[in-house]
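Here is the structure we will look at.
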Amino acid sequence: MTVDRDIHLARALLIDGNPMLRGSTVTQLRELGVGYIAQATRSRDARTLIEREPFDIIVCSRELDETAAAGQELLEGLRREAVLPPSCVFVLLTQQATYTQVVEAGEAALDVLLVRPCTTGLLGERLAEARQRKRVLAEIFRALQAGEPQQALLHAIRRFQERAPFWVYCGRIAGELLLKLEKPGEARKVFERIAEHQPLTWARIGVARSQLALGEVAAARKQLAAALTDDPDNADLHELMGRVLVEQSDFAGALASYGQAASLTPACPFRAQSAGALAFYQGRPEQALDWLQRANQTGAGSRLFDPSTLMLLAFLHHDRADRQALGAMREALERWGERQGRTPRQDRFVHAARALEAVLADGGEAAVRAAIAPLLAEGDDDGFDLEATNLVLAVSARLPASLRRPGELAALAARLGQRHSTRRAVAEVMVAAARDDAEAAHGVRRAQTAVTSLAEQAMERAMAGAADDAASQLLEQGERWRNTRLLETGVQLARRYGARTTDALSERATASLRRWGGGAVAQLAGIQRAGRSPGGLRLPGLGS
């Protein structure tokens, strides 16, 4: 059997730890005419190959690395981090499959799911179907690759509305694009229509994500709770629920949700890091150490690994007075910077680790302050984001009492709070970063109250007919403090209440937000990485 006329040009990767099953699958692929077949026995090795080489077909055992679903987790991780090109067909081979897995793999996710043992004919038939699906939707993917999301949306919406072949998947693409284009109301309608047709978990997640984008946090939580009742072992649902709970400042509940997501996907370093970061900021060092070490072990060596894991481990080793382990983390951060290329963020981590070493070494005030000086000097830089703020607060809070100057930490917390305290959850994480220091907590919360008060006063003035003045003054204060909430609220008021200067204010705010709100990393407690969303479909050409 021949899959299609180009199958001899296809590059395939077979991932299977069982030598007998791997051998039989290689034979099947060769009989189908596949021209090139690489092999890997572990998910970690497979990830490295996929990151380095292009593949047209990936055939993976679900029962990999001696666990029941490691192959599925590998697939989810590759999709989540946009490693797989849209043209690649991913075939998952499993010992058994539930109805939900078959539906989601076959209809929604452009995968092939086959139960072993399967014949060469069946494998070839499903490969042919999947490759045909890629060709039918080629115009959508070409537009995405060309950086033309509006054009891709038009193609996807047309097929979705006409219920053309693969219309459900086109609806998923359309929903993702609408969210990316900041049209969450329209995105919700698309996801709701799909969920009404078939209660696919990713569609229900799409509804919740749209609600979150609309600011309907309580509705999103209700949506996710209902979905979890039906699909309690879905890691994406738990992760998104964790994000919702963070927004509601329920950090204990968020930790439980992230921990569940990480437990369900033990091969996913990002989720382990998220759980570890939340435990760290909640003052649960043993739990944090467990999750973060797991993230380091499973993710080290991958370009997708985030070095903030090493930084948080450095803090934990400092708190345990383990100078050797702290030094190892500092060295790992230095090596990371050398491999990946030095950036302000990488340098910041190294400076912080050195400052922690200076504190443990008890070298005196001069040595400690020399080590921490590079961090404090960055406080007014455009790229000094929330992660940097938490880092500086965490280091400063670990200075011994003998080296603290009266009111120093409180003043630092208040200044950084004016810039970054955009909502209650952010303020509480900043307080946690400062180890719940009473003076620092007072400074951060006072800044948060001031930001909220300014926004509320501007709202009242706009409602009273002074929209231009209210929006303009909010933007001026936002620029003075570099506070993104004030900038965004100013534009929203201008648009909502018909200010005459809306266009000018919007242009001005956009320029400021681009400078101060669009940094490479914008994390809350180390759990929100830019450009990724649980259950979301990562699309090419969209800068995420």
Side-chain angles (χ1 to χ4, degrees), residues 1-4 6-8 10-43 46-47 49-50 55-79 83-137 165-166 168-169 172 198 200-202 231 233-234 265 267 537:
M1 175 185 177
T2 300
V3 173
D4 54 52
D6 298 323
I7 193 65
H8 65 289
R11 292 173 55 85
L13 171 63
L14 173 60
I15 313 166
D16 199 328
N18 186 310
M20 291 185 60
L21 293 175
R22 191 169 65 251
S24 63
T25 306
V26 166
T27 300
Q28 289 180 317
L29 290 172
R30 286 177 177 158
E31 290 177 358
L32 292 171
V34 176
Y36 173 86
I37 306 171
Q39 300 180 45
T41 59
R42 300 182 303 172
S43 57
R47 180 184 286 274
L49 279 172
I50 293 166
F55 291 100
D56 305 293
I57 300 168
I58 296 177
V59 181
C60 180
S61 171
R62 188 171 189 269
E63 296 79 21
L64 195 63
D65 297 344
E66 300 181 354
T67 62
Q72 180 74 32
E73 293 166 18
L74 173 64
L75 168 60
E76 291 173 356
L78 294 171
R79 284 203 182 120
V83 175
L84 287 181
S87 58
C88 180
V89 173
F90 198 107
V91 180
L92 199 63
L93 303 176
T94 182
Q95 302 297 330
Q96 58 182 351
T98 66
Y99 173 75
T100 300
Q101 289 171 336
V102 172
V103 170
E104 290 191 354
E107 184 179 21
L110 287 181
D111 284 337
V112 175
L113 182 68
L114 290 174
V115 179
R116 280 174 159 165
C118 67
T119 65
T120 302
L122 179 58
L123 175 60
E125 178 183 326
R126 297 298 297 278
L127 267 178
E129 291 173 357
R131 284 168 66 85
Q132 172 65 10
R133 186 160 45 207
K134 301 287 187 181
R135 285 188 286 269
V136 168
L137 303 182
F166 316 122
V168 169
Y169 186 71
R172 187 176 191 183
Q198 193 168 13
L200 297 167
T201 299
W202 60 258
D231 192 1
D233 294 329
N234 186 286
T265 53
L537 182 65

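This is a predicted model, so every value here is computed, not measured. Each residue takes its place number in the sequence, starting with 1.
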Sidechain-backbone polar pair: Q28 side chain, L123 backbone, donor-acceptor under 3.5 Å: no

Heavy atoms of other groups near R42 CZ, more than 12 under 6.0 Å: no

Where I57 and A10 come nearest, the two heavy atoms and their spacing: CD1-CB, 4.1 Å

Nearest-0.5 Å distance that lies between atom CG in D4 and atom CG in L32: 10.5 Å

Atom of L64, atom of D16 and distance for their closest heavy-atom approach: CD1-CA, 3.9 Å

Nearest non-hydrogen partners of V112 and A130, listed with the distance: CG2-CB, 3.8 Å

Salt bridge (Lys or Arg N to Asp or Glu O under 4.0 Å) contacts in which one or both residues fall within residues 18-30, not counting sequence neighbours: none

Verdict with supporting geometry, I7 and R131, side-chain contact (heavy atoms from CB on, under 4.5 Å): CA-CA 10 Å; I7 193 65; R131 284 168 66 85; 4.1 Å; yes

Where L13 and A46 come nearest, the two heavy atoms and their spacing: CD2-O, 4.3 Å

Side chain to side chain, L200 and R172, heavy atoms closer than 4.5 Å: no

N-O pairing of K134 and D56 below 4.0 Å: no

Shortest non-hydrogen contact between F55 and L49, atoms and distance: CE1-O, 3.8 Å

Counterpart residues, salt bridge (charged side-chain N to carboxylate O under 4.0 Å, His left out), relative to R11 (two or more places apart): E53

Intermediate values then yes/no, side-chain contact (heavy atoms from CB on, under 4.5 Å), L114 and R126: CA-CA 9 Å; L114 290 174; R126 297 298 297 278; 3.7 Å; yes

Heavy-atom side-chain proximity of Q39 to T25 below 4.5 angstrom: no

Working for side-chain contact (heavy atoms from CB on, under 4.5 Å), residues L21 and L93: CA-CA 10 Å; L21 293 175; L93 303 176; over 6 Å; no

From CD1 (I58) to CG (L92), nearest 0.5 Å: 11.0 Å

Option from L29, V34, T27 for which side chain to side chain contact (heavy atoms under 4.5 Å, CB included) with E31 holds: T27

